[in-house]
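This report refers to the structure that appears directly beneath it.
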Amino acid sequence: MDDNAQNRLILSRMLDLLSIRSQQAESGEQALSILETAAFDAILMDYHMPGQDGLETVRRIRQKHGFEKIPVVLLTSSSADISAALTETLNIPFKLLKPIKFNEILACLSRLAFQEESTNIIHPTEKGQVINGTFKVLIAEDNSANMFLAKTFLSRIAPAAQILEAVNGKAALEICLSGLPDIIFMDVQMPLMNGYEATGHIRKFPGALKIPIIALTAGNMKGEKERCLLAGMDHFITKPFVENTILEILRKYILPGLASGDSSPAANNVALEAHTGIDFQKLNAVYLADASFLIEFLAITMQSLEGGISDLKRYYQAKDLQGINLAGHKMKGAAASAFMPEITALAQTLEHMASFEPQEIDHTLQLLQDGLNQIRPLINDYFLS
C-alpha cells in the first residue's frame, strides 16, 4: 500500500522477479477493502500518506479477525519519527528505508518466510564496495530466479569476474573438467546430480582441493551445515542470499589470492556517465539495470511530475497551502525514487512550507519546470545511446 504510483510499480516489479504475487492499494481504505476479499502472507505499508497514515491503517488491520499477526513491513523515508514502542505494539517486525532496494526487500521477505522477527531498520548494502581483479566464478543453480540474483549481485561486486553457469551438478562437473574456476557457489538440491555429489567428484580433480565451494541451501535445516562440510564444501549460506553475503564470501576466499590493491571503491571504476538532475548510476544499481523497466518507470515518473506541477499551479492560484504541501509530498516521493536530487529537494521545500509565500512558490515552480525540461532530453539520450 502506497499513495505513490511509482513506488507501487517498483515494488510490484521487484516482487514479480521473485515470483511473488501481489495486489496494490493507494490508500488505507482501499487496503482494508482488499483485505476483505483475499488472503495475504505479508503487507508492505507506506508510512507517510495523506489522511490515514500507515500506522493508523495497521491499527485498523490489527482489529480485524485473522489479521492480528499478519507480517507488516513499514516503508518510510525516515525512521526518526516512528516510535519503536508503537511499532512493537502494532506487531510491525520490519521497517525499510526508502528508496527500497531489491536486495533489501529480498532479505526482508526471506526473514519473514523463516519467521525471524526484528524491529531493526534494514540498512542498504555497504556502498561503493567493489572487488577488482579477474577471476572465474561458477554458479551451479537450477532455479532461474536464484541464478539471476546471484549473477546480478556478483556482477556489481566484481565487475571483472567471469561468471560460468551450470543448471545442475552434472553440468558443473563438465565445466570443471575444461578448467577449474576460482570459486564455486553450489546449490545442494539440483536435478541429475545434487550439490553434495558434484562437490565430491570435483574434489577429486587435480588442484581442486584448494577451490572454495560455497553451499547454497533453501533452508537452515538441522544438520545441513554439517552435511555440507562433510561433503567437502567450505562455507554454508542460506537462500535467498543478499549482496553483502556474497561480498563477505569474496572478501574471505578471493581477496587473499588477488594482488594487493585490487579492492577499491567503486569510484575508481569506469562509472556510468553522470548527469546533473538524474543519477543513472544509482538507477541501474537499485533497479538491476533492467532497461525495459526503467523506460516504463521513468516515463510514468515524468508524467507524474508534470501532473504534480499542474496541481501545484492550480493550488497556487487558489492559495491552497495544504494542497501545495500534499502535491509537494507526492512529487518528492516520485523524484526520490527516480534519483532526481534537485527535483526532490525543491518538492520537499513545498511539502514543508509553513505559510503561503507567493514569490517563493512561484520561483520554486519555475525551477521545478526548468529541472524537468533539463531531465527529459537526458533520459531520451541515455536510452538511445
Side-chain angles (χ1 to χ4, degrees), residues 1-16 20-79 81-83 86-87 89-100 105 108-109 112 296-297 300-312 314-315 318 320-338 344 347-348 350-352:
M1 188 195 76
D2 196 310
D3 63 305
N4 185 293
Q6 285 75 23
N7 291 341
R8 297 198 303 273
L9 172 65
I10 293 166
L11 287 171
S12 65
R13 287 296 298 271
M14 288 180 177
L15 294 173
D16 286 344
I20 295 175
R21 291 173 295 166
S22 63
Q23 282 186 251
Q24 300 181 22
E26 62 181 1
S27 68
E29 291 297 335
Q30 187 180 15
L32 290 164
S33 177
I34 290 174
L35 287 170
E36 296 288 351
T37 63
F40 295 89
D41 298 299
I43 299 171
L44 306 180
M45 178 72 65
D46 185 28
Y47 171 55
H48 293 284
M49 292 187 301
Q52 181 176 295
D53 68 21
L55 290 178
E56 177 58 29
T57 303
V58 174
R59 184 181 289 107
R60 292 181 63 185
I61 288 172
R62 293 295 185 226
Q63 294 170 353
K64 288 181 173 290
H65 178 68
F67 291 99
E68 297 88 354
K69 295 184 178 180
I70 184 170
V72 173
V73 180
L74 197 65
L75 314 177
T76 176
S77 55
S78 171
S79 63
D81 54 350
I82 302 175
S83 165
L86 184 56
T87 55
T89 300
L90 294 175
N91 189 22
I92 299 176
F94 287 107
K95 291 176 284 185
L96 287 177
L97 290 175
K98 293 181 178 180
I100 309 302
I105 199 71
C108 180
L109 295 180
L112 287 177
E296 179 185 6
F297 168 59
I300 293 174
T301 298
M302 293 300 289
Q303 184 180 13
S304 174
L305 292 172
E306 289 286 8
I309 289 180
S310 296
D311 290 340
L312 284 169
R314 188 173 69 254
Y315 293 132
D320 183 349
L321 180 61
Q322 185 176 3
I324 288 171
N325 295 156
L326 177 59
H329 169 75
K330 287 187 175 182
M331 287 191 71
K332 182 192 76 173
S337 296
T344 302
Q348 187 171 21
L350 295 174
E351 177 192 17
H352 296 296

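Everything numeric in this text was worked out from a predicted model, so none of it was measured.
- In this structure, A336 and T344 approach most closely via the heavy-atom pair N-OG1, 3.2 Å.
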List the steps, then state whether side-chain contact (heavy atoms from CB on, under 4.5 Å) holds for H329 with N325. CA-CA 6 Å; H329 169 75; N325 295 156; over 6 Å; no
Using the side-chain contact (heavy atoms from CB on, under 4.5 Å) rule, take M14 and L44 through it: C-alpha gap first, then chi angles, then the decisive distance, then the call. CA-CA 12 Å; M14 288 180 177; L44 306 180; over 6 Å; no
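- Taking CG of D2 as the start and CG of L9 as the end, the distance is 11.5 Å to the nearest 0.5 Å.
- S337 places a side-chain N or O within 3.5 Å of a backbone atom of G333 that can act as its donor or acceptor partner.
- Residues A334 and Q6 approach most closely at CB-OE1, 3.7 Å, considering heavy atoms.
- Residues A38 and Q23 approach most closely at CB-OE1, 3.9 Å, considering heavy atoms.
- The minimum heavy-atom distance between E56 and R59, with the atom names listed, is OE1-NH1, 2.5 Å.
- Just one residue in the list L97, N4, L11 forms a side-chain contact (heavy atoms from CB on, under 4.5 Å) with L75, and that residue is L11.
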R314 and D311: side-chain contact (heavy atoms from CB on, under 4.5 Å), yes or no, with the steps? CA-CA 5 Å; R314 188 173 69 254; D311 290 340; 3.1 Å; yes
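- Listed by chain and residue number, K64 satisfy the salt bridge (Lys or Arg N to Asp or Glu O under 4.0 Å) test with E36 (two or more places apart in sequence, or in another chain).
- The shortest side-chain heavy-atom distance between E306 and Q303 does not fall under the 4.5 Å cut-off.
- Annotation: side chain of P71 is not in contact with side chain of F94 (no heavy-atom distance under 4.5 Å).
- Rounding to the nearest 0.5 Å places CZ of R62 at 4.5 Å from CG of N91.
- Annotation for Q24 and I34: closest pair O-CD1, 3.3 Å, computed over non-hydrogen atoms.
- Atoms CD and CE, on Q52 and M1 in that order, are 7.0 Å from each other to the nearest 0.5 Å.
- Looking at L55 and I92, their side chains come closer than 4.5 Å, going by heavy atoms from C-beta outward.
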For D46 and D3, what are the C-alpha separation, side-chain angles and deciding distance, and is it a side-chain contact (heavy atoms from CB on, under 4.5 Å)? CA-CA 8 Å; D46 185 28; D3 63 305; 3.2 Å; yes
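- Atom-to-atom distance recorded for L321:CG and L326:CG is 11.0 Å, nearest 0.5 angstrom.
- Interatomic distance, CG of D41 versus CD1 of I20, reported as 9.0 Å (0.5 Å rounding).
- In this structure, F67 and I61 approach most closely via the heavy-atom pair CB-O, 3.4 Å.
- The neighbour count for E68 CD, taken as heavy atoms of other residues, nucleotides or ligands under 6.0 Å away, is above 12.
- How far NZ of K330 is from CG of L350: 15.0 Å, rounded to the nearest 0.5 Å.
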